**Student:** 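A single structure is presented below for examination.
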Amino acid sequence: MLKATLRSFLAHKGRLLLSALAVLLSVAFVAGSLIFSDTVSRTFDRLFASTSADVTVTPKEDLESRIPSGATPTVPASLAQRIARIDGVADTHVDASVENITVVDRDNEPVGPTTGAPTIATNWYVTDRSPVELTSGHAPEGPGQALLDADTAKKKDVKIGDTLTVLAQPGSFKVEVVGIATFTTTNPGAALVFLDTRTAQTELLGSPDAATGISVTAAPGVGDTVVKQRIAAELGRTTYAYQTAEEQAESSAASLGGFLDVIKYVMLGFAGIATLVGIFLIVNTFSMLIAQRTRELGLLRALGADRRQVRRSVLTEATLLGLVGSTLGLAAGIGLAFGLIGLMGALGMSLKSTEIVIGWATPVSAYAVGVGVTFVAAYLPARRAAGVSPMAALADAEIAGVGRPLKVRAVVGSVVGVAGAAALVGCAVSTRTASAASLLGLGVVLTLVATVTAGPLLVRPVIRVLGGAFPALFGSIGRMSQRNALRNPRRTGATAAALMVGLALVGGMSVASASMTKSFDDQIDRTLGADFIVQNQNFTPFPPEVTDKIRATDGAGLVVRQRFSPVAVRLPDGERIESTAAAYDPRLDDVAHITYTEGDTAAALADGSLAMDGKFAKDHGVRIGSTIPVEFPAGRKADLTVAALTDQDTGDGFGTQGGLYFGIGTIEKYVPDGQESALYVNAAPGTTADQLRSRLEKTLDPYPQVQVRDQADYKKLVRDQIAVLLYLVYALLGLAIVIAVLGVVNTLALSVVERTREIGLLRAIGLARRQLRRMIRLESVVIAVFGAVLGLALGLVWGVCTQQVLALQGMKALAIPWGTVVAVVVGSAVVGIVAALLPALRASRMNVLAAIAHE
């Protein structure tokens with residue numbers, strides 16, 4: 001039996017190649033994501049471990065900030081001298097380092113990275129743990145001098161002697177590049193500007209007595225933990241944050257982990273889609289092979305092979321397929337990891353491909369996925385093979401029992417479908433976001449399973465409609481192609497299911513994204529009343545001098561400032577919620593349209609007052625006049641009175657939890673070093689919007705990070721952000737289509753082999769080669785369009801239910817992108833034509849007499 005199995009596997013290796021490609025793709029994404037994330041993690045672990053000080057003392061972080069306020073937390077620089085006197089401390093250094101800066105050259109072009117990595121300005125001092133070394137020029141020696149890292153200097157063509165402008169929180173200042181520093185470790189992609197310590201404190205932090213932290217070197221023989229404990233005992237255990245080198249490395253690695261997790265989960269998403277679609281392909285391939293080998297299997301049974309041996313034979317073939325696909329997939333995954341490392345290099349993150357890490361979990365996961373998928377997918381066909389009667393050797397017939405599985409499918413599909421539909425209905429009527437999202441997830445899974453299960457039952461009614469025009473358009477060729485698609489509903493359903501999964505996903509996400517876009521557009525139209533919004537490109541705060549220059553711009557009328565700050569509120573029901581609060585100048589009503597359920601803007605922005613979303617307030621027992629304890633950064637606290645309640649649909653909370661906002665005076669009192677996050681600007685009387693825009697852009701020419709936007713620009717910005725999600729979905733769709741094409745090719749190729757004698761007879765009675773190719777192409781098209789129709793129908797239902805979940809967050813507009821729907825259907829027909837090219841060509845080249853004699 002083993003010899004027969006191996007011979008059978010090798011005999012069908014051409015037919016199994018396409019299935020192996022599906023295994024290869026899924027394994028490649030799994031292996032590639034694990035190798036890449038392990039390599040980056042190991043590289044940065046070494047970087048953090050080698051550059052972290054023995055002990056660091058930093059400001060205590062009381063609140064997590066989702067939107068920065070612009071204020072830089074500091075500690076007194078005098079702590080360095082105080083810590084230096086502690087027993088066990090060998091040396092201390094003042095750190096003055098900030099990331100909320102922009103550096104531009106003499107042409108006002110940004111010098112920093114454009115890939116999302118930070119531009120960091122810090123003070124220069126050399127230790128044995130410095131990540132860079134001075135390779136040309138000299139160290140900065142006072143105001144007006146700076147070092148630049150070599151990578152940034154090379155990319156931006158900056159040389160020693162060039163002048164740069166640093167836009168920092170206290171204000172902008174010019175520096176001359178006097179030296180170049182080269183990374184001695186992995187370059188994380190950031191741009192580094194080094195100043196002397198006093199200049200960094202004064203220009204970056206606004207005070208020569210401030211520091212962002214103190215780096216401590218332990219004396220030889222004294223452990224980091226011991227030094228940390230002694231420093232904490234001297235300064236107060238709850239006054240500052242203390243970290244050893246190991247703790248700092250872990251903290252930095254955890255921050256990096258969020259970035260790595262995004263890449264890992266995206267790639268695992270690709271792997272999941274590839275695996276799911278690949279299962280359909282493998283099931284279909286083995287089902288067809290077993291159907292074609294009915295006589296062979298019956299002969300084995302007649303020669304004495306029992307059911308278990310036959311089943312084991314088929315599963316052994318599947319295992320061999322999984323091993324081959326996994327091995328090739330692992331190799332492809334290594335190549336994919338090298339490609340990602342190269343991509344990171346192009347984005348500025350210098351990773352060495354020679355340090356690639358392949359942990360034991362990578363090959364284990366690769367073979368577990370590859371072999372596991374093929375084994376599971378082949379199990380049902382293997383059971384069917386084991387049921388072949390020895391009498392089947394006497395007749396060239398497919399395995400009996402075609403009707404019974406369809407009856408079982410009808411029952412199972414109906415039960416699961418009803419449960420899925422109930423979950424989706426529950427999602428649509430739910431009033432709580434968490435429960436609605438849970439029901440949506442459950443409904444998506446159940447309806448997908450139901451559609452795949454009951455797919456063969458839908459083949460005959462749907463394809464009769466889809467191919468109804470074929471006889472009229474293509475005559476007998478069209479009629480035969482339609483009937484070929486109908487002759488085996490299970491096979492057609494399984495082939496179409498591979499395409500259906502990808503198209504259901506893209507259909508659902510397209511509806512969700514179109515609804516989000518329309519909702520945001522409607523909200524911008526309802527709420528935004530200003531002629532222009534001045535904002536930083538990446539929404540971070542900008543220096544106060546920008547505000548002063550905007551106000552001084554000719555033609556600028558009303559200017560309303562917006563600031564953000566992280567806060568924590570203690571609500572009457574006892575819950576403590578961390579959120580982000582906004583602050584505005586008094587004339588907010590002139591630049592924004594806000595609907596209040598109680599109170600008004602004047603009350604909301606008064607000293608000691610607070611506005612809150614009405615629904616949030618009701619859920620937590622808050623009323624007009626309630627006093628709410630509010631905690632600001634740096635431990636500052638205030639008791640604010642709720643003076644206004646808003647309708648979140650038109651409020652200005654920008655989706656932050658609770659929709660909290662108050663007057664600009666409140667935030668200036670409790671976050672004195674904050675910066676503006678946006679300016680709402682109206683044109684003065686006698687100045688047109690176009691005139692004001694050109695003048696504002698001229699004013700902001702020295703500040704390339706700050707942009708002027710009107711309503712149309714703001715809508716485009718939102719659309720572009722949503723489009724990023726769509727691009728990911730389209731990439732997943734592309735992968736699903738690639739595997740679906742493989743599935744259609746596989747099905748048609750095996751179908752051609754199965755119908756060899758039939759094709760020979762058709763050719764013998766006058767069917768031309770061109771007509772034969774057209775028949776197979778039409779069969780492929782109708783199968784592909786059938787999959788598209790099922791997928792889009794399912795996806796539209798998912799998308800509408802997703803929009804109902806979004807409606808609970810204020811995005812109540814429903815939009816269905818009919819253009820995308822039509823394009824997908826047309827694209828599916830093209831996919832069908834492409835998938836049929838090779839099988840149709842092979843069929844048309846058959847020798848007529850050999851085909852008629854085929855058994």
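These numbers were taken from a predicted model, which means no experiment stands behind them. The basis for the numbers below is simple: all heavy atoms, side chains too, and nothing from hydrogens, waters or symmetry mates.
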**Student:** Can you confirm whether Arg709 sits close enough to Lys716 that some side-chain heavy atom of one is under 4.5 Å from a side-chain heavy atom of the other?
**Tutor:**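 No, every pair of side-chain atoms sits at 4.5 Å or beyond.
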**Student:** Once you round to the nearest 0.5 Å, how far does CZ of Arg230 lie from CG of Asp87?
**Tutor:**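 The distance works out to 4.5 Å.
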**Student:** Atom CD1 of Ile83 and atom CD1 of Ile86: how far apart are they, to the nearest 0.5 Å?
**Tutor:**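 Reported value, rounded in 0.5 Å steps: 6.0 Å.
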**Student:** Check whether Gln562 reaches the backbone of Ala582 with its side chain - one donor and one acceptor, N or O, closer than 3.5 Å.
**Tutor:**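 Answer holds: no.
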**Student:** When you compare the side chain of Glu250 with that of Gln243, does any pair of heavy atoms fall below 4.5 Å?
**Tutor:**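 Not in contact.
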**Student:** Would you say that more than 12 heavy atoms from the other residues, nucleotides or ligands in this model lie under 6.0 Å from the CD of Glu246, or not?
**Tutor:**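 Counting neighbours around CD of Glu246, 12 or fewer heavy atoms of other residues, nucleotides or ligands fall under 6.0 Å, so no.
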**Student:** Is it the case that the side chains of Tyr125 and Asp95 hold a donor-acceptor pair, with the cut-off being a distance below 3.5 Å and no angle test?
**Tutor:**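 Per modelled atom types, Asp95 and Tyr125 side chains form a pair under 3.5 Å.
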**Student:** Can a donor-acceptor pair be found, under 3.5 Å and without considering hydrogens, that links the side chain of Thr184 to the backbone of Pro131?
**Tutor:**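 Side chain of Thr184 to backbone of Pro131, a donor-acceptor pair under 3.5 Å: yes, one is there.
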**Student:** When you measure from the side chain of Thr212 to the backbone of Ser97, do you find a donor-acceptor pair of N or O atoms at a distance under 3.5 Å?
**Tutor:**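 Between the backbone of Ser97 and the side chain of Thr212 there is a qualifying donor-acceptor contact (under 3.5 Å).
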**Student:** Keeping Glu545 on the side-chain end and Ser172 on the backbone end, is there a donor-acceptor pair under 3.5 Å?
**Tutor:**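 Checking the backbone N and O of Ser172 against the side chain of Glu545, a donor-acceptor pair under 3.5 Å is found.
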**Student:** Look only at the side chain of Asp531 and the backbone of Ala683, and say whether a donor-acceptor pair between them is shorter than 3.5 Å.
**Tutor:**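 Flag set: sc Asp531 to bb Ala683 pair under 3.5 Å.
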**Student:** Check this for me: Arg695, atom CZ, are more than 12 non-hydrogen atoms of other residues, nucleotides or ligands nearer than 6.0 Å?
**Tutor:**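 Yes.
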**Student:** Is the shortest distance from a Lys or Arg side-chain nitrogen in Arg85 or Glu234 to a carboxylate oxygen in the other one below 4.0 Å?
**Tutor:**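 A salt bridge is absent here (no side-chain N lies under 4.0 Å from a carboxylate O).
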**Student:** Taking all atoms of both residues into account, what is the closest heavy-atom pair of Ile214 and Pro76, and its distance?
**Tutor:**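 Nearest pair, atom of Ile214 first, then Pro76: CD1-O, 4.4 Å.
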**Student:** Taking NZ, NE, NH1 and NH2 as the nitrogens, is one of them in Lys155 or Asp151 under 4.0 Å from a carboxylate oxygen of the other?
**Tutor:**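 Not counted as a salt bridge, because no side-chain N and carboxylate O are separated by less than 4.0 Å.
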**Student:** Report, as yes or no, whether the 6.0 Å neighbourhood of atom CD on Gln691 holds more than 12 heavy atoms from other residues, nucleotides or ligands.
**Tutor:**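 Above 12, so yes.
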**Student:** How long is the span from the CG atom in Asn108 to the CG atom in Asp105, to the nearest 0.5 Å?
**Tutor:**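 Asn108 CG to Asp105 CG: 7.5 Å, rounded to 0.5 Å.
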**Student:** I need the minimum non-hydrogen distance between Ser565 and Pro633, along with the two atoms involved.
**Tutor:**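 Smallest heavy-atom distance, with atoms named: OG-CD, 3.6 Å.
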**Student:** Would you call Gln169 and Thr72 a side-chain contact if the rule is heavy atoms closer than 4.5 Å?
**Tutor:**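 Answer yes - side chains close enough.
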**Student:** Begin from the C-alpha positions of Glu578 and Val567 and carry the test side chain to side chain contact (heavy atoms under 4.5 Å, CB included) through to its verdict.
**Tutor:** CA-CA 6 Å; Glu578 293 185 1; Val567 296; over 6 Å; no
**Student:** What are the two closest heavy atoms between Pro143 and Asp196, and how far apart are they?
**Tutor:**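 Minimum heavy-atom separation between Pro143 and Asp196: N-OD1, 3.9 Å.
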**Student:** Return the minimal non-hydrogen interatomic distance between Asp54 and Arg129, and the atom names on each side.
**Tutor:**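 Here Asp54 and Arg129 meet closest at OD1-NH2, 3.0 Å.
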**Student:** Between the side chain of Thr39 and the main-chain N/O of Val357, is any donor-acceptor distance below 3.5 Å?
**Tutor:**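 Pair found, side chain donor or acceptor close to backbone of Val357.
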**Student:** Once rounded to the nearest 0.5 Å, what's the spacing between atom CZ of Arg82 and atom OG1 of Thr92?
**Tutor:**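 Answer for the CZ-OG1 pair, Arg82 versus Thr92, is 13.0 Å.
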**Student:** What is the ring orientation for Phe194 with Trp124, classed by angle as parallel under 30°, tilted 30 to 60°, or perpendicular over 60°?
**Tutor:**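 Phe194 vs Trp124 ring planes: perpendicular.
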**Student:** Of all heavy-atom pairs between Val177 and Lys159, which one has the smallest distance, and what is that distance?
**Tutor:**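 Smallest heavy-atom distance, with atoms named: CB-O, 3.8 Å.
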**Student:** Is the shortest side-chain N to carboxylate O distance from Asp713 to Lys715 below 4.0 Å?
**Tutor:**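 Salt bridge absent between Asp713 and Lys715.
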**Student:** Can you check side chain to side chain contact (heavy atoms under 4.5 Å, CB included) on Phe532 and Leu679, steps first, answer last?
**Tutor:** CA-CA 8 Å; Phe532 298 103; Leu679 300 174; over 6 Å; no
**Student:** For the residue pair Phe173 and Val175, establish whether any side-chain heavy-atom pair is separated by less than 4.5 Å.
**Tutor:**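 Touching, per the 4.5 Å side-chain cut-off.
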**Student:** Provide the closest heavy-atom pair for Glu676 versus Pro544 in the form atom of the first, atom of the second, distance.
**Tutor:**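 Nearest pair, atom of Glu676 first, then Pro544: OE1-CA, 4.3 Å.
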**Student:** Any side-chain heavy atom of Tyr703 sitting closer than 4.5 Å to one from Thr102?
**Tutor:**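 They are not in side-chain contact.
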**Student:** Set out, in order, the CA-CA distance, both residues' side-chain angles and the distance that settles side chain to side chain contact (heavy atoms under 4.5 Å, CB included) for Val227 and Val89, then state yes or no.
**Tutor:** CA-CA 7 Å; Val227 174; Val89 173; 4.0 Å; yes
**Student:** Any side-chain heavy atom of Tyr714 within less than 4.5 Å of one from Gln535?
**Tutor:**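 Contact flag for Tyr714/Gln535 side chains = yes.
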**Student:** Quick one, Asn123 with Leu195, criterion side chain to side chain contact (heavy atoms under 4.5 Å, CB included). Give me CA distance, side-chain angles, the key distance, then yes/no.
**Tutor:** CA-CA 5 Å; Asn123 57 317; Leu195 311 169; 5.9 Å; no
**Student:** Please report the interatomic distance OH(Tyr242) to OG1(Thr56), rounded to the nearest 0.5 Å.
**Tutor:**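 It comes to 11.0 Å.
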**Student:** Is there side-chain contact between Val111 and Thr152, with heavy atoms separated by less than 4.5 Å?
**Tutor:**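 A side-chain contact exists here, since the closest heavy-atom pair is under 4.5 Å.
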**Student:** Using atom types as modelled and distance alone, determine if a side-chain donor or acceptor of Ser130 lies under 3.5 Å from a backbone N or O of Val126.
**Tutor:**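 Between the backbone of Val126 and the side chain of Ser130 there is no qualifying donor-acceptor contact (under 3.5 Å).
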**Student:** Checking the side chain of Ser78 only, and the main-chain atoms of Asp209 only, is there a donor and an acceptor separated by less than 3.5 Å?
**Tutor:**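 No, Ser78 side chain to Asp209 backbone: no donor-acceptor pair under 3.5 Å.
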**Student:** Using atom types as modelled and distance alone, determine if a side-chain donor or acceptor of Gln201 lies under 3.5 Å from a backbone N or O of Ala210.
**Tutor:**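 Answer holds: yes.
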**Student:** About how many Å separate NZ of Lys669 and CZ of Arg636, when rounded to the nearest 0.5 Å?
**Tutor:**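 Answer for the CZ-NZ pair, Arg636 versus Lys669, is 11.5 Å.
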**Student:** Do Ile231 and Val216 make a side-chain contact, defined as non-hydrogen atoms from C-beta onward lying under 4.5 Å apart?
**Tutor:**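 Side chain of Ile231 against side chain of Val216, heavy atoms only: contact under 4.5 Å found.
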**Student:** Does Asp162 come within less than 4.0 Å of Lys156, counting only side-chain N to carboxylate O?
**Tutor:**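 Between Lys156 and Asp162 there is no salt bridge, as every charged N stays at least 4.0 Å from the carboxylate O atoms.
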